[in-house]
Amino acid sequence: MNLSAVPHFKTHFAELFHVAASNITSLDAAMRIELSRTKQASHGDYSCNLAMQLAKQLGKNPREVAQLLIDKMPVSPYVEKIEVAGAGFINLFLKNSTKQQHLHYVLQSKDAFGSSNFGQGKKIQVEFVSANPTGPLHVGHGRGAAIGASLANILKAAGFDVSREFYVNDAGRQMDILTLSTWLRYLELNDIHIAFPANAYQGDYVKAMAKLIHQAHAQRYVHQPDLLLDGLPAIARETSVDTDEQLDQLIANTKKILGQDYAYIHNFVLTEQLGDCRNDLMEFGVEFDVWFSEQSLYDNGLVAHAIELLEKKHHLYHQDGATWFRSTDFGDEKDRVVQRENGQFTYFASDIAYHLNKFERGFDQVINIWGADHHGYIARVKGALRALELDPTKLEIALVQFAVLYRNGKKASMSTRSGEFVTLRELRQEVGKDAARFFYVMRKSDQHLDFDLDLAKSQSTDNPVYYVQYAHARVCSVLAQWDGDIDDLKDADMNALSSPTELALLQRIIDFPDAIEAAAKEYSPHLIAFYLRELASEFHSYYNSTRFLVPDISLLHARLALVASIRQILNNGLRLLGVSAPEKM
RNA sequence: GUGCCCGUAGCUCAAUUGGAUAGAGCACCAGCCUUCUAAGCUGGGGGUUACAGGUUCGAUCCCUGUCGGGCACGCCA
């Protein structure tokens, strides 16, 4: 059996309604025929509001239109009955046998059940995390990582051709500050002490990198530290530097003193931090197809190229020695500098080049997952795309709100400038990968997340991760005690699965591909977390009410086919979220 | 001050993007282990969807205003 053979009831019914409606009137091309799942069993399994939408156009009351549609509808092999209800809803009831037969598809599709061709192989890029490689990832990056990775999995399952990308900010001033910080720590190891700037990187990881350089090269990079304070006020000799201008002066001096060796240290710290970041993410179950270097945009002349393009299209002007992009022509609040008075391009300039490059790589859709604090950049980036005559609707920017950690019911400190912040690694060590991944995507991503550390660690009914995993482990335990071949269940007679609980579970199983499709369409991984919780809940209830290992072989096989299917879906769903599905707990 | 996002049960959050009687989980109360994992289940109370208008067959969702909260407003990245 191939996947396309799995019936998709919503599209099936939509097609039937389309035929019916076409027989009655000419359909507006913009009109979408939508099927929705009902909330109450008395309303059947699916309902359609098409009659209410057509009522005005036809000049008839909605219930009348509904009946007309039903009369003109081709017969469906899956439907038990169709009813008009309420204000003009059309409710469809699936045959029990239709629901029961669906288990065959689950057991045969296995890992692929839930996947679809919704995305039609369209090329889609998801760019996420993209943290400055200047220190360890913190818990804020963790949420972006979890959401991005889950979304990429979901999109892939929904039939998109997905590319995961990490944009490495390896070109900017922050990297210079890290290089300076590391060199100063290195000098300290050589007994040369210069007051450490307050606004440089304070973390212990900087000292660790300095130590590595010292161990490998001893005094090789000491040079002439007495020139370091040139151009700085005398006070800088006693107290630490703390303004941006002074820090920039220190960086300039360092570059002069180190000459060729500056590149070595710069490259060393970049490699170290990037490696650490990659490792951290890998342990978190997050991997990328492309690590895209900002520096490469400069090296290949793409930044200059992008700015030239804007110039040619007359969207730039020069003022106060700087070059400005007239983004107010494209809906931004104010114009933005792309090239500074000192000749350096701004971060925005490289970002324009980066997005131009993304579009030139031929993606049908590009998704940026950004921290919510970046929302002010959306207008200018989209504005730049329009200025370059690119389609801004191809770029979707998904904002992720911050996660706030709670311990003992109180806010846990998030980040301070002293370098003392909660890292993603610490979070993983405290609550584990599974809980962290699940908690991060439990809420809609554009909502604030209260991350309860105690709850994430607790091995109790309250913890939604354990709740879902426990359902999986329970099925495994039952199947292990049965000790038969699961492949035999594919041929089981499912007619015995006719209790309300069982039929509800079967419908829930049928819904899984729709849940993935909705999550893909809305860029909303939390829908998968909610779906899994509901499936687990219905399973636990079933488990407590019904015995599976019964003497009647036919009944036994039918029930085991059902719980084996549930296990398969729990497994598939948890995999999308990067959460393990343990066989024992 | 200006712009964007948000306001749903005591708490944390959903609600198929305009559909039917707004749903879950905590917490609270009362029950269920001699039986496939009690990390589980069953039942119960709890709401003027911040407030006031408007749009229509129909609004938590769309529009306007008010109140309250978050974020952003650099030739930083």
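Here the structure is a predicted model, which means the values were calculated and not measured. Here is how names work: the chains are called A, B, and so on, in the same order as the sequence lines, proteins then strands, and each is numbered from 1.
Residue-nucleotide stacking is present for A/Phe89 and B/A20, judged by a side-chain ring centre under 5.5 Å from the six-membered base ring centre and planes under 30° apart. A/His374 does not qualify as a stacking partner of the B/A72 base, lacking a centre-to-centre distance under 5.5 Å together with planes within 30°.
Atom CD of A/Glu64 has more than 12 heavy atoms from other residues, nucleotides or ligands within 6.0 Å.
With both ends at atom P, the span from B/G53 to B/G44 equals 35 Å, rounded to whole Å. Taking atom C1' on both B/U21 and B/U49, the two are 15 Å apart, rounded to the nearest angstrom. Separating the P atom of B/C61 from that of B/A9 is a span of 15 Å, rounded to the nearest Å. On the P atoms, B/C29 is 37 Å away from B/C71, given to the nearest whole Å. Nucleotides B/C11 and B/C28 have their C1' atoms positioned 12 Å apart, rounded to a whole Å. Between B/A72 and B/U64, the distance separating the two C1' atoms is 25 Å to the nearest Å. Nucleotides B/U17 and B/C13 place their P atoms 23 Å apart, quoted to the nearest Å. Taking the C1' atoms as reference points, B/A52 lies 15 Å from B/G68, given to the whole Å.
For the pair A/Thr346 (side chain) and A/Val337 (backbone), a donor-acceptor distance under 3.5 Å is present. At distances below 3.5 Å, not a single donor-acceptor pair connects side-chain atoms of A/Ser150 with backbone N or O atoms of A/Ile147. A donor-acceptor pair is defined here as one N or O able to donate and one able to accept, closer than 3.5 Å; such a pair exists between the side chain of A/Arg37 and the backbone of A/Asp45. The backbone N or O of A/Phe166 sits nowhere less than 3.5 Å from a side-chain atom of A/Ser130 that would complete a donor-acceptor pair. Looking only at distances, a side-chain donor or acceptor of A/Asp170 sits under 3.5 Å from a matching main-chain atom of A/Gln295.
Using a 4.0 Å heavy-atom criterion, one finds that A/Glu583 contacts the bases of the nucleic acid, with or without backbone contacts as well. Among the atoms of the strands shown, base atoms are found under 4.0 Å from some heavy atom of A/Ala473.
Looking at which nucleotide of RNA chain B each of A/Phe348 and A/Ser445 is closest to, the 5′-most match is held by A/Ser445. Comparing A/Tyr466 and A/Gln339 along RNA chain B, the residue whose closest nucleotide (by nearest heavy atom) sits nearer the 5' end is A/Tyr466.
Between A/Trp482 and A/Phe548, every side-chain heavy-atom pair lies at or beyond the 4.5 Å cut-off. Taking 4.5 Å as the limit, some side-chain heavy atom of A/Gln174 sits within range of a side-chain heavy atom of A/Tyr201. Contact of the A/Val338 side chain with the A/Phe348 side chain is registered, since non-hydrogen atoms from C-beta on lie closer than 4.5 Å. In this structure the side chain of A/Arg336 reaches within 4.5 angstrom of the side chain of A/Arg380, judged on heavy atoms.
One interatomic measurement links the two molecules: CZ of A/Arg567 to P of B/U37, which rounds to 14 Å at whole-angstrom precision. Going from atom CG of A/Asp450 over to atom P of B/C26 covers 18 Å, rounded to whole Å. We find that CZ of A/Phe439 is positioned 11 Å from C1' of B/C26, with the value rounded to whole Å. We find that OH of A/Tyr347 is positioned 11 Å from C1' of B/C76, with the value rounded to whole Å. Counting to the nearest Å, the P atom of B/G74 and the CG atom of A/Asp335 are 13 Å from each other. If you measure from atom CG of A/Leu92 to atom P of B/A20, you get 17 Å, rounded to the nearest angstrom.
Side-chain atoms of A/Asn91 come within donor-acceptor range of the base of B/A20, with a qualifying N/O pair under 3.5 Å. With hydrogens and angles left out, the side chain of A/Ser537 and the base of B/A24 share no donor-acceptor pair within 3.5 Å.
Base orientation of B/U17: syn (glycosidic angle within 90° of 0). In B/C33 the base sits syn relative to the sugar, since the glycosidic angle is no further than 90° from 0.
Rounded to the nearest 0.5 angstrom, A/Leu427 CG and A/Arg143 CZ are separated by 13.0 Å.
The nucleotide whose nearest atom lies closest to any side-chain atom of A/Gln481 is, among B/C36, B/C6, B/A20, B/C36. Set against B/A39, B/A15, B/C41, the side chain of A/Lys444 has B/A15 as its closest nucleotide.
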So which protein N/O to nucleotides 45-47 of chain B N/O distances come out below 3.5 Å?
none

Close N or O pairs between protein and nucleotides 56-61 of chain B (under 3.5 Å):
from  : atom 1 : to      : atom 2 : distance (Å)
B/C57 : OP1    : A/Lys56 : NZ     : 3.3

Under 3.5 Å, which protein N or O atoms sit close to an N or O of nucleotides 3-5 of chain B? Give each pair with its distance.
from : atom 1 : to       : atom 2 : distance (Å)
B/G3 : N2     : A/His375 : NE2    : 2.7

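Applying the salt bridge (charged side-chain N to carboxylate O under 4.0 Å, His left out) test to every pair with at least one member in residues 540-563 of chain A, sequence neighbours left out, gives these pairs: A/Glu502-A/Arg559.
Taking the ring centre of A/Tyr467 as origin, the terminal cationic atom of A/Arg533 falls inside the region bounded by 6.0 Å and 45° from the ring axis.
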Can you run through RNA chain B from 5' to 3' and write each base as (, ), [, ], | or . depending on how it pairs? Watson-Crick or G-U wobble, both distances under 3.5 Å.
(((((((..((((.....[...)))).(((((.......))))).....(((((..]....))))))))))))....

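Residues of residues 506-523 of chain A having a heavy atom closer than 4.0 Å to RNA chain B, listed by number: A/Glu522.
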